[in-house]
Engineer: 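I have a structure here, written as structure tokens, and I will follow up with some questions on it.
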Amino acid sequence: MSAPSGLAGKRSRGVPIIDEELPGDPFELYSSWCAEIPRDRGVLGVRAVLAATGAGGRPAMWCTRVVPLPGGFACFLHHRGRVGAALASHPEVTLAFDWSERGRGVLAAGRCARLPAVDSDAFFGRLTEREQLAVWAAGMQEEGNSRAAAVAAAADIADRFSGQLIPRPGYWGGYRITVDEMLFQQGSDDGVTDCFRYGKSPGEGAWSVVRSTP
């Protein structure tokens, strides 16, 4: 199922996806869909829900910022949080992109590993000062604390780094997610949801794609 670049992504909301128009690479389709999503100028990446296996087998999930990498994605979060703790023992994850304003959704599954510190430093350095301070402030919060305590901690952090470059805290950083399965779904006006699953076995270079169930 291969076609000229981007055809499947250029179809309007409510128009069925034609099998023969699907690209052979799921990231080509993802990029085409992602380009149609409105985003604030200067904001890095897009928002997605990251799901991992938490304590007792229960899902551990968090809304996080995601940026594309060759063969996958990178996300950034606190290593000491619930999801960060889950990733330390269960590297299998799923990303969920909800683009319901266009009748679309994307799931991307794979395994994650910590990014090198230099890559986390580089991404942190591209954040605005306000975003950098928010990363620090979130790491200072403790379970059960009041909002007033969180506000006070944020003010202390702002005073601490006033007038200087803000370093990345060691408890926050990036993860590379190497994707081996992607699921695309789009609603149509005839009531039929088009759903396609791309998959790739370890060591394989080419993706397979089949029409799947929602």
Side-chain angles (χ1 to χ4, degrees), residues 26-27 30 34 43-98 105-147 149-150 153-154 156-157 160-161 165-183 197-205 207:
F27 292 102
Y30 168 85
C34 188
V43 173
L44 303 176
V46 297
R47 303 291 291 182
V49 175
L50 174 68
T53 302
R58 299 185 66 178
M61 298 182 291
W62 191 251
C63 294
T64 185
R65 188 176 303 187
V66 177
V67 295
L69 291 176
F73 300 93
C75 64
F76 299 83
L77 47 88
H78 290 266
H79 302 315
R80 302 186 306 204
R82 290 184 302 108
V83 175
L87 296 180
S89 54
H90 298 283
E92 295 81 12
V93 298
T94 297
L95 286 169
F97 301 86
D98 177 20
V106 180
L107 297 176
R111 295 175 63 87
C112 73
R114 288 264 195 109
L115 283 173
V118 64
D119 293 330
S120 293
D121 289 340
F123 185 84
F124 186 80
R126 294 171 61 193
L127 299 178
T128 66
E129 181 179 289
R130 182 175 181 178
E131 291 171 324
Q132 292 175 341
L133 291 173
V135 168
W136 273 94
M140 303 301 292
Q141 296 183 34
E142 296 183 5
E143 187 92 7
N145 275 5
S146 66
R147 190 177 194 282
D156 288 342
I157 290 294
R160 175 180 172 184
F161 293 113
L165 291 177
I166 303 173
R168 176 182 64 88
Y171 51 75
W172 182 95
Y175 296 82
R176 170 187 285 274
I177 300 173
T178 302
V179 172
D180 55 30
E181 184 178 64
M182 293 186 77
L183 190 73
R197 180 176 60 81
Y198 285 81
K200 183 169 61 174
S201 299
E204 291 186 352
W207 291 87

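Position 1 is the first residue of the sequence, and the numbers go up from there. We use all heavy atoms of the structure for the numbers below, so side chains are in, but hydrogens, waters and symmetry mates are not.
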Engineer: Once rounded to the nearest 0.5 Å, what's the spacing between atom CG of L50 and atom CG of L77?
Structural biologist: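 Those atoms lie 6.5 Å apart.
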Engineer: Using 30° and 60° as the class boundaries, would you call the ring planes of F73 and F27 parallel, tilted or perpendicular?
Structural biologist: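 Plane angle between 30° and 60°, so tilted.
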Engineer: How about W62: does its CH2 atom have over 12 heavy atoms from other parts shown lying under 6.0 Å from it?
Structural biologist: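 No, the 6.0 Å shell around CH2 holds no more than 12 heavy atoms from other groups.
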Engineer: Do V83 and H78 have side-chain heavy atoms sitting under 4.5 Å apart?
Structural biologist: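 No; the side chains remain at least 4.5 Å from each other.
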Engineer: For the residue pair L133 and I166, establish whether any side-chain heavy-atom pair is separated by less than 4.5 Å.
Structural biologist: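 Contact flag for L133/I166 side chains = yes.
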Engineer: Quick one: does R111's side chain get under 4.5 Å of T178's, heavy atoms only?
Structural biologist: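 The answer is no, as the side chains (C-beta and beyond) never meet within the 4.5 Å cut-off.
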Engineer: Tell me whether R80 contacts the main-chain N or O of G139 through its side chain, where contact means a donor paired with an acceptor under 3.5 Å.
Structural biologist: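 Judged by distance alone, yes, a pair lies under 3.5 Å.
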Engineer: Would you say the side-chain atoms of Q132 pair up with the backbone N or O of F124, donor to acceptor, closer than 3.5 Å?
Structural biologist: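 It does hold such a pair.
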Engineer: How far does CZ of F76 sit from CD of E131, to the nearest 0.5 angstrom?
Structural biologist: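 The CD atom of E131 is 12.0 Å from CZ of F76, to the nearest 0.5 Å.
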Engineer: With heavy-atom distances below 4.5 Å as the criterion, would you say the side chains of L127 and R65 are in contact?
Structural biologist: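 Touching, per the 4.5 Å side-chain cut-off.
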Engineer: Please examine the side chains of Y175 and V93, heavy atoms only from C-beta on, and report whether any two atoms are closer than 4.5 Å.
Structural biologist: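 They are not in contact (no side-chain heavy atoms under 4.5 Å apart), so the answer is no.
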Engineer: Mark yes or no for whether T94, through its side chain, and A51, through its backbone, hold a donor-acceptor pair below 3.5 Å.
Structural biologist: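 Such a contact is absent between T94 side chain and A51 backbone.
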Engineer: So does S120 get a backbone contact from the side chain of W172, meaning a donor-acceptor N/O pair under 3.5 Å?
Structural biologist: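 Between the backbone of S120 and the side chain of W172 there is no qualifying donor-acceptor contact (under 3.5 Å).
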